[in-house]
Undergrad: 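Pasting a structure below so you can have a look.
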Amino acid sequence: MFERIDYYAGDPILGLMEKYSADSNPNKVNLGIGIYYDENGVLPVLDCVKTAEERIADPIAPRPYLPMAGLPGHRKGCQELLFGKDAQILKDGLVATIATIGGSGALKVGAEFIHDWFPQAKCYVSDPTWGNHIAIFEGSDVEVGKYPYYDKANSSIKFDEMIAFFETLNKNDVILLHPCCHNPTGMDLTQAQWDTVLNVVKARELIPFMDIAYQGFGEDMDSDAYAIRKAVEMGLPLFVSNSFSKNLSLYGERVGGLSVVCPTVDETDRVFGQLNATVRRIYSSPPSHGGRVVDIVMNDETLHEQWVGEVYAMRDRIKAMRLKLKSVLEAKIPNRNFDYITRQNGMFSFTGLTPEQVERLQIEFGIYMVSNSRMCVAGLNTSNIDYVANAMADVLKD
Ligand code: LMR
């Protein structure tokens, strides 16, 4: 009966995690999945989260179903983080926000919404992008295309080509953008470049869909949201999916949000209603535990401040690892330019290694990175960085 079912080849990122766990090499290093490990190689529980957990546990409360849109405090937390605490559009009620099952859940609900209400729209993603972007939109029967983004030869952005491409798109086509810490390349647009992109979006009446999974890991909470806030300032309709997996270190709790910025209150109500309907037919309502943590941390001034400090400490440690990696590699291979490592932002570095070199790192050294050459810099620490740099130098030299 099920013989005709295709085998699943596995996910290129999540599958690496399983391979890494099964590897018996005592020196193995996990630089595959986008997870932040601390200086001791441990997945941290943030102090602000510990406090929130203590409050949730005392007393242990009943667990009713949440509303389809999730907890109001979770939704408010998403809105203030993305748009700014005092944003006028929030006061004016022009943002429909639902709490979602991680950033992936937000993308899925958004993709379904686009499929239902903008059936002609195609969705364009950066070349390259996070693989699941393509899978999620195609899974909702939205046709996906790619726009030029990364110039491998020069480790830079093909900005002019990208803009020229956007100029060819049709009204209501969706462009999926990464406001900060581009996944997988780590190469971000400057603020001036964002202005140019958004002018084209406005002129051609495109729909920007901004996926922000690393807010706080680039420059800071506000600068990382520049593109979002600029789009709002320009009066553009806008979809934003956000994730708390990385910046609250709540990966397994699956907490995120989907926000849609609308021109009028009436449209906001309509959109909010349809987002609820979409949630109902996929998973009914979100789980409550992670949402309660988000609610507590985002809405308690002291915890919020503590949280921002904890995110910046993670950001700074990653930046220090970039500097160190660059300097060791430069010393080992002086005729090669490694500037890209410190020009990239967030958790990832697109190293430019060939798939064969990536495979050698895995087989010979137990060092795991994604086959497209993406390294999670957040998996480096002072104990493993020399080992990794030496191994990289080895495979680059041969
Ligand atoms: C990543 O890109 O590694 C993360 O976003 C985790 C994932 O689900 O792929």
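Keep in mind the model is a prediction, meaning the values are calculated, not measured. Atoms within a ligand are numbered from 1 in the order they appear, just like the ligands themselves. Just the heavy atoms: all of them, side chains too, but no hydrogens, waters or symmetry mates, feed the values below.
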Undergrad: Give every pair formed by an N or O atom of ligand 1 and a protein N or O atom closer than 3.5 Å, one pair per line with both atom names and the distance to 0.1 Å, or write none.
TA:
{"residue": "ligand 1", "atom": "2 (O)", "partner": "Trp130", "partner atom": "NE1", "Å": "3.1"}
{"residue": "ligand 1", "atom": "2 (O)", "partner": "Asn183", "partner atom": "ND2", "Å": "3.0"}
{"residue": "ligand 1", "atom": "2 (O)", "partner": "Arg374", "partner atom": "NH1", "Å": "2.8"}
{"residue": "ligand 1", "atom": "3 (O)", "partner": "Gly34", "partner atom": "N", "Å": "2.7"}
{"residue": "ligand 1", "atom": "3 (O)", "partner": "Arg374", "partner atom": "NH2", "Å": "2.8"}
{"residue": "ligand 1", "atom": "5 (O)", "partner": "Lys246", "partner atom": "NZ", "Å": "3.1"}
{"residue": "ligand 1", "atom": "9 (O)", "partner": "Trp130", "partner atom": "NE1", "Å": "2.9"}

Undergrad: Between the side chain of Arg322 and the main-chain N/O of Thr342, is any donor-acceptor distance below 3.5 Å?
TA: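 Not at all, since once roles are kept as given, no pair shorter than 3.5 Å links the two residues.
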Undergrad: Establish, for the pair Lys158 and Tyr150, whether the NZ or CZ atom is under 6.0 angstrom from the six-membered ring centre and no further than 45 degrees off its axis.
TA: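 No, Lys158 and Tyr150 do not form such a contact.
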Undergrad: Quick one: do Phe350 and Tyr340 satisfy ring pair (Phe, Tyr, Trp, His ring centres under 6.0 Å)? Show the steps, please.
TA: CA-CA 8 Å; Phe350 217 49; Tyr340 68 86; 9.3 Å; no
Undergrad: Please confirm whether the ring centroid of Tyr251 lies under 6.0 Å from the ring centroid of Phe244.
TA: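 Ring-ring flag for Tyr251/Phe244: false, centres at least 6.0 Å apart.
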Undergrad: For Lys332 and Lys397, which heavy atoms make the closest approach, and how far apart are they?
TA: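 Shortest heavy-atom contact: O-CE, 3.5 Å.
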Undergrad: Looking at Phe217, does the NZ or CZ of Arg315 lie under 6.0 angstrom from its six-membered ring centre and within 45 degrees of the ring axis?
TA: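 Not satisfied by the 6.0 Å and 45° rule.
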